[in-house]
Amino acid sequence: MSLPPERNMKVLVQGIDLSEAASRVGKALGTRTINPILEGIKLKAENNTLTLTATDLELGIEKTINADVALEGEAVIPGKLFLDLVARLKNTAIEMGIEGSKLVVKYMENKMEFALLSVDEFPALAKLENADWFTIHPNEFKDLITKTVFSAATEDSRPILKGCHLDLTDKTLTAVALDGYRMSLAKRQVEKASAGISVVVPARSLNEVAAQLEGDEPVVVSVQKNYLMVDLIHTRLVTRLLEGDFINYKQIIPTEAQTTITVSKAQFDEALSRAYLLARGDRNNLVRLSASGNLLTITSNTDFGSIKEIVPVGIEGVDITIAFNAKYFADALRVADDEHLKIAFEGASKPAIIRPDKDKGESFLFLILPVRVL
């Protein structure tokens, strides 16, 4: 009678490799879950590799590292405890093996034992076969995500807005995120594509994708039914897609402007950051922008004091005074990397649109709703 696979594993790995792999997959560990198996990390040793997997059913991350495998097999162990241990063992070799009902981790002259969780109960990551796909340079994909995902909603009142809409048409990948107060849009070119794609991906999942993008090898992104998978060669991320219709964001973007200013991104960012220090004492992080006579005046008045910053700008159109939540502007400026920006205003009660100064085929666009002030 043969023993089940989880009773046979024995493997030797380097601590630095195991720690890095565990840290990556740990981002998908379930928290505050009623299902204890989702708090586990699965270890699978085969073909001189060790594969670590974690999932909370929305996001799954799988990482494969080199290993000396004496006995092939698999086990599931408590994830958080395992993460904390291997993070302290980066500079030593680690031997792991099943002994009875425990996973025994040996390092130097020491050892630690982990209770085993059920391998059979651990959810398998979805396998996407015959999926639609596209390839994109990792830096392009990371920049696309970074420029949009921060605008996704964080509350559960409208679940679809907790995601980022990805639309692939004619090799142009457009990402859009909005939360009802601001919107971010960015476009990048993909390298190859099998078909058009239109999906809504949880913002949290895309944040983890961006955190793990590196190198120069093209990233393969696959979509099938309710899943999106990002293949990073030795790392695989699989996320469920959000169901429902995304907002028709094109109707939100103003097509005309009464006032357009051109401003140095660095000067605007510095002045706004100082005003934001004071505005944070206000419930709405309120700052006022007044454009007149080739000057942009930024002011904030709270119970703690007041501030006035003046930035030189180019102005086209009429003078305007308008109020905004400073945080939304600060978030946009944090990811905008152009030397100069154009900010268009349709009116004192209409959204502001931030774009690059030079025409880049709308490589990015930020929309921010104003705050009504009595």
Side-chain angles (χ1 to χ4, degrees), residues 3-126 202 204-205 207-209 211-212 232 234-240:
L3 293 174
E6 64 266 29
R7 298 293 183 261
N8 293 334
M9 189 180 77
K10 188 173 183 180
V11 60
L12 179 69
V13 295
Q14 295 302 311
I16 187 66
D17 296 334
L18 185 60
S19 176
E20 191 269 343
S23 176
R24 288 201 176 197
V25 303
K27 303 298 184 180
L29 278 175
T31 58
R32 292 176 296 180
T33 175
I34 61 173
N35 187 353
I37 199 66
L38 300 181
E39 298 176 14
I41 290 178
K42 181 180 177 181
L43 309 174
K44 184 173 184 178
E46 61 178 354
N47 300 325
N48 285 323
T49 64
L50 178 68
T51 299
L52 291 78
T53 307
T55 180
D56 62 2
L57 298 182
E58 178 182 85
L59 172 67
I61 304 177
E62 179 182 275
K63 173 71 175 176
T64 300
I65 59 175
N66 294 326
D68 293 326
V69 178
L71 289 173
E72 295 188 348
E74 52 190 351
V76 179
I77 40 85
K80 182 62 168 61
L81 184 59
F82 185 72
L83 274 171
D84 290 343
L85 175 66
V86 299
R88 293 164 170 79
L89 299 176
K90 294 180 180 180
N91 300 316
T92 185
I94 299 172
E95 180 184 289
M96 296 184 293
I98 303 294
E99 296 182 12
S101 61
K102 306 288 186 181
L103 175 77
V104 180
V105 180
K106 298 179 180 179
Y107 46 97
M108 296 175 285
E109 303 300 321
N110 312 299
K111 72 176 182 179
M112 184 170 181
E113 297 180 348
F114 291 86
L116 292 174
L117 305 177
S118 172
V119 169
D120 294 336
E121 293 180 10
F122 192 84
L125 298 193
R204 174 214 169 200
S205 298
N207 269 323
E208 293 305 330
V209 169
Q212 304 203 34
L232 305 176
H234 298 299
T235 303
R236 188 166 67 102
L237 298 94
V238 180
T239 179
R240 283 183 177 272

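Each residue takes its place number in the sequence, starting with 1. All values derive from a computational prediction rather than experimental measurement.
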Worked check of side-chain contact (heavy atoms from CB on, under 4.5 Å) between F82 and L29: CA-CA 12 Å; F82 185 72; L29 278 175; over 6 Å; no

M9/L103 under side-chain contact (heavy atoms from CB on, under 4.5 Å): CA gap, chis, key distance, verdict: CA-CA 9 Å; M9 189 180 77; L103 175 77; 3.6 Å; yes

N35 atom CG, over 12 foreign heavy atoms within 6.0 Å: yes

Residue pair L43 / F114, side-chain heavy-atom distance below 4.5 Å: no

Audit row: K63, H234, side-chain contact (heavy atoms from CB on, under 4.5 Å) steps and yes/no: CA-CA 6 Å; K63 173 71 175 176; H234 298 299; 4.1 Å; yes

salt_bridge(E208, R204) N-O dist < 4.0 Å: no

M96 CE to I98 CD1 distance, which is reported to the nearest 0.5 Å: 9.5 Å

Min side-chain heavy-atom separation P123-L38 under 4.5 Å: yes

Beyond-backbone contact of V238 with L59, side-chain heavy atoms, under 4.5 angstrom: no

Residue from V86, D84, T92 passing side chain to side chain contact (heavy atoms under 4.5 Å, CB included) with R88: D84

N8 versus E72, closest heavy-atom pair with distance: CB-O, 3.6 Å

Smallest separation among heavy atoms of V69 and N48, with atom names: N-OD1, 3.5 Å

Euclidean distance, I16 CD1 relative to L89 CG, rounded to 0.5 Å: 11.0 Å

Spatial distance of atom NZ (K102) from atom CE (M112) [nearest 0.5 Å]: 10.5 Å

A75 versus V119, closest heavy-atom pair with distance: CA-CG2, 3.8 Å

For the student: nearest non-hydrogen atoms of P36 and L117, plus distance: O-CD1, 4.2 Å

Gap separating the CD atom of E39 from the CG atom of L81, nearest 0.5 angstrom: 12.0 Å

Beyond-backbone contact of T53 with K44, side-chain heavy atoms, under 4.5 angstrom: no

Any side-chain heavy-atom pair of I77 and I41 under 4.5 Å: yes

Student check: side-chain heavy atoms of T64 and R236 closer than 4.5 Å: no

Nearest heavy-atom neighbours spanning A28 and A54: CB-O, 3.5 Å

N91 CG to M108 CE distance, which is reported to the nearest 0.5 Å: 9.0 Å

Test side-chain contact (heavy atoms from CB on, under 4.5 Å) applied to V25 and L83, step by step: CA-CA 10 Å; V25 303; L83 274 171; 5.9 Å; no

pair L237-T239: side-chain heavy atoms closer than 4.5 Å: no

V209 side chain reached by L232 side chain, heavy atoms, under 4.5 Å: no

Listed once per pair and sorted, the side chain to side chain donor-acceptor pair (under 3.5 Å) pairs that draw on residues 108-118, sequence neighbours left out: none

Exercise: identify the closest heavy-atom pair between R24 and I61: O-CD1, 3.5 Å

Approximate separation, where rounding is to 0.5 Å, of K106 NZ and K10 NZ: 6.5 Å

